[in-house]
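Everything below concerns the one structure shown next.
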2 protein chains.
Amino acid sequence: MNSFFEQNASLLLKNPELVDVFENLMSIEKYPKHHLLHEAGKICNDMYIITSGIARVFYYKEDKDISCHFSAEQETITTIDSFIQRKKSKYNIEALEDLEVLKISHSDLENLFESNPKYERLGRLFLQQIYIDLVERIDDLQLKTAQERYETLLAKKPYLFQRIASKHIASFLSITPETLSRIRGK
Amino acid sequence: MNSFFEQNASLLLKNPELVDVFENLMSIEKYPKHHLLHEAGKICNDMYIITSGIARVFYYKEDKDISCHFSAEQETITTIDSFIQRKKSKYNIEALEDLEVLKISHSDLENLFESNPKYERLGRLFLQQIYIDLVERIDDLQLKTAQERYETLLAKKPYLFQRIASKHIASFLSITPETLSRIRGK
DNA sequence: AATTCTTCTTGACAATTATCAAGAAATTAT
DNA sequence: ATAATTTCTTGATAATTGTCAAGAAGAATT
């Protein structure tokens, strides 16, 4: 039931033997609201763990701004297709609040994986977690109504409704802002 | 553009140093059409590489039969949430044609991962591939119309339309059989 | 080959959600 | 604080897709 991204970052942050490793590899960064951590068309070289704030992954489909992921404190965020495949991404990452993050580069992460099988294993477990999460999201999109998708997200991540613009939630849920407004008005 | 599942199984099958390993760990199995390779409510202990035939992952949502994945020759199939998390799955796996598969158990695969970091790495790369595939599917479901989802699937896996029942394709695309029939009739 | 069962197609109608528009509310900038 | 900009809400209407029904076509069984 927990966001697995939450479990994920915890997986990294709470593992005592990893703290030192990450202290060496990760840098603390601060970005203002609206800053783009990644821009579409570029190769994404960094993964972030958010320590304060909220960010989103989004892209443009025929001028429409479509949000496809949100991450908050303790969660990770990257344009994962680009990060994994080392090719240009259509996705952007935007700070929706002033942001404080831990940043790690793709190459440092790869080196870490190669340095010791236990990190390789951690990488695999991380991917397993985020994979399960995507399966749940497909489940939602494949056969829930707009109303049900709204309720599911409200149950899973209620803080989003307090902290970010409704239009972003609407596109994430694959409905128009008008429909979301009507659903919220019961 | 290739199915990454296809790339995946190839990743396993075409790697020369792996052939011996897999010959020892994998068994050849044959199942008739309609056979359930996995039943909902059980823990899924096996992963399959299909050498002949087509299978699907599906589940029941309020009596409705919902297909959520198809795999054909050279592709892998399992109820991956259960396989990964070692808990009961709501998903079933059904042979849609007479099936010939290579079967490997979860424990054998885990042992393989632990036996040598290069297998652990292979496991991670495999997950990366299938993760990217899910991201594409979410993209389809999040903002394509029924017509566009149909066209996307037709382009990606045209053989499905020759080999399996339309009703399965319809539920996979998240539309009714009636709507799919109308779309196909141009 | 004939029967039975399932799946597919087509039509009429209903439900859901989108689009367009305009004013209200909220946020941001001055 | 006030003005400017953006976002949210609400109504009217349209488009898309679903539901129900019944016959046609196809597949499976005898």
Side-chain angles (χ1 to χ4, degrees), chain A residues 31-36 53-54 56 58 60-67 70 92 94-99 140-154 158-186, chain B residues 31-36 53-54 56 58 60-67 70 92 94-99 140-154 158-186:
Chain A
Y31 305 109
K33 183 168 178 174
H34 300 310
H35 176 78
L36 289 183
I54 285 195
R56 70 175 179 130
F58 74 101
Y60 294 102
K61 154 130 184 173
E62 292 144 22
D63 291 349
K64 277 175 298 185
D65 170 323
I66 311 289
S67 292
F70 303 113
N92 307 273
E94 181 193 14
L96 295 177
E97 296 175 349
D98 289 346
L99 217 56
D140 290 350
L141 288 171
Q142 191 177 357
L143 49 33
K144 287 184 179 164
T145 62
Q147 173 85 39
E148 289 173 320
R149 294 199 298 278
Y150 166 77
E151 286 164 5
T152 302
L153 185 63
L154 188 58
Y159 55 87
L160 289 181
F161 295 80
Q162 263 78 58
R163 295 170 65 180
I164 72 176
S166 277
K167 61 174 184 170
H168 295 144
I169 293 175
S171 71
F172 178 79
L173 293 176
S174 199
I175 55 182
T176 59
E178 292 93 332
T179 297
L180 178 56
S181 174
R182 286 186 245 268
I183 288 173
R184 296 182 82 164
K186 298 284 178 291
Chain B
Y31 305 108
K33 184 169 179 174
H34 300 309
H35 176 77
L36 289 182
I54 285 195
R56 70 175 179 131
F58 74 100
Y60 293 102
K61 156 131 183 172
E62 293 144 21
D63 291 351
K64 276 176 298 185
D65 170 323
I66 312 289
S67 291
F70 304 112
N92 307 273
E94 180 194 13
L96 294 177
E97 295 174 351
D98 289 347
L99 217 57
D140 290 349
L141 288 172
Q142 191 177 355
L143 49 32
K144 288 184 179 163
T145 62
Q147 173 85 37
E148 289 173 320
R149 294 199 299 278
Y150 166 78
E151 285 163 6
T152 302
L153 185 63
L154 189 57
Y159 55 86
L160 289 182
F161 295 80
Q162 263 77 59
R163 294 171 66 180
I164 72 177
S166 279
K167 61 173 184 170
H168 295 143
I169 292 175
S171 71
F172 179 79
L173 293 175
S174 198
I175 55 182
T176 58
E178 292 92 332
T179 297
L180 179 56
S181 174
R182 286 178 180 113
I183 288 173
R184 296 183 81 164
K186 296 285 175 294

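None of these values were measured; they are calculated from a predicted model. Residue numbers start from 1 in every chain, and the chains themselves are labelled A, B, ... in the order their sequence lines are given, proteins ahead of strands.
Only A:Glu178, A:Ser181, A:Arg182, listed by number, bring a heavy atom of residues 176-184 of chain A to less than 4.0 angstrom from any atom of DNA chain D.
Aromatic ring pairs are classed by plane angle as parallel below 30°, tilted from 30° to 60° and perpendicular above 60°; the pair B:His35 and B:Tyr31 is parallel.
Separating the NE2 atom of A:His168 from the P atom of C:dT27 is a distance of 14 Å, rounded to the nearest angstrom. Summarising the geometry, the separation between CD on A:Glu62 and P on C:dT19 is reported as 11 Å, rounded to the nearest angstrom. Distance A:Leu173 CG to C:dA18 P: 11 Å, rounded to the nearest Å. Rounded to an integer number of Å, the gap from CD of A:Glu148 to P of C:dT16 is 11 Å. Between B:Asp65 atom CG and C:dT6 atom P the separation is 14 Å, expressed in whole Å. Atom C1' of nucleotide C:dA18 and atom CZ of A:Arg149 are separated by 13 Å, given to the nearest angstrom. Put simply, CG on A:Asp98 is 15 Å from C1' on C:dT27, counting in whole angstrom units. Between the C1' atom of C:dT7 and the CD1 atom of B:Ile169 lies a distance of 13 Å, rounded to the nearest Å.
In terms of the side chain to side chain contact (heavy atoms under 4.5 Å, CB included) criterion, residue partners of B:Ile169 (sequence neighbours excluded) are, by chain and number, B:Leu153, B:Leu160, B:Phe161, B:Ile164, B:Leu173, B:Leu180. Listed by chain and number, the residues in a side-chain hydrogen bond (donor to acceptor under 3.5 Å, both in side chains) with B:Thr176 are B:Thr179 (sequence neighbours excluded). Residues meeting the side-chain hydrogen bond (donor to acceptor under 3.5 Å, both in side chains) test with B:Ser67, sequence neighbours left out: B:Arg56. Legend: residues meeting salt bridge (charged side-chain N to carboxylate O under 4.0 Å, His left out) with A:Lys144, ordered by chain and number and at least two apart, are A:Asp140. Not counting sequence neighbours, B:Asp98 has no partner by the salt bridge (charged side-chain N to carboxylate O under 4.0 Å, His left out) test. Residues satisfying the salt bridge (charged side-chain N to carboxylate O under 4.0 Å, His left out) criterion with B:Arg163, sequence neighbours excluded, are B:Glu73, B:Glu97. In terms of the side chain to side chain contact (heavy atoms under 4.5 Å, CB included) criterion, residue partners of B:Ser174 (sequence neighbours excluded) are, by chain and number, A:Gln142, B:Leu141, B:Arg149.
One end of the helix from C:dA1-D:dT30 to C:dT30-D:dA1 points its axis 60° away from the other end's axis, with each axis taken from 5 pairs and the angle rounded to 10°.
Between B:Glu148 and B:Leu143, the shortest heavy-atom contact is OE1-O, 4.1 Å.
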Please produce a list of atom pairs where a protein N or O lies less than 3.5 Å from an N or O of nucleotides 28-30 of chain C.
unit_1	atom_1	unit_2	atom_2	d
C:dT28	OP1	A:Lys33	NZ	3.2

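Inter-residue side-chain proximity for B:His168 and B:Leu96 is flagged as met; some heavy-atom pair is nearer than 4.5 Å. Inter-residue side-chain proximity for B:Lys64 and B:Ile66 is flagged as met; some heavy-atom pair is nearer than 4.5 Å. In this structure, B:Ile175 and B:Tyr150 have side chains that are not in contact, with every pair of non-hydrogen atoms separated by 4.5 Å or more.
A 4.0 Å heavy-atom criterion places the boundary nucleotides of DNA chain D facing chain A at D:dT7 to D:dA12, written 5' to 3'.
The list of salt bridge (Lys or Arg N to Asp or Glu O under 4.0 Å) pairs with a residue in residues 167-180 of chain A, not counting sequence neighbours, is empty.
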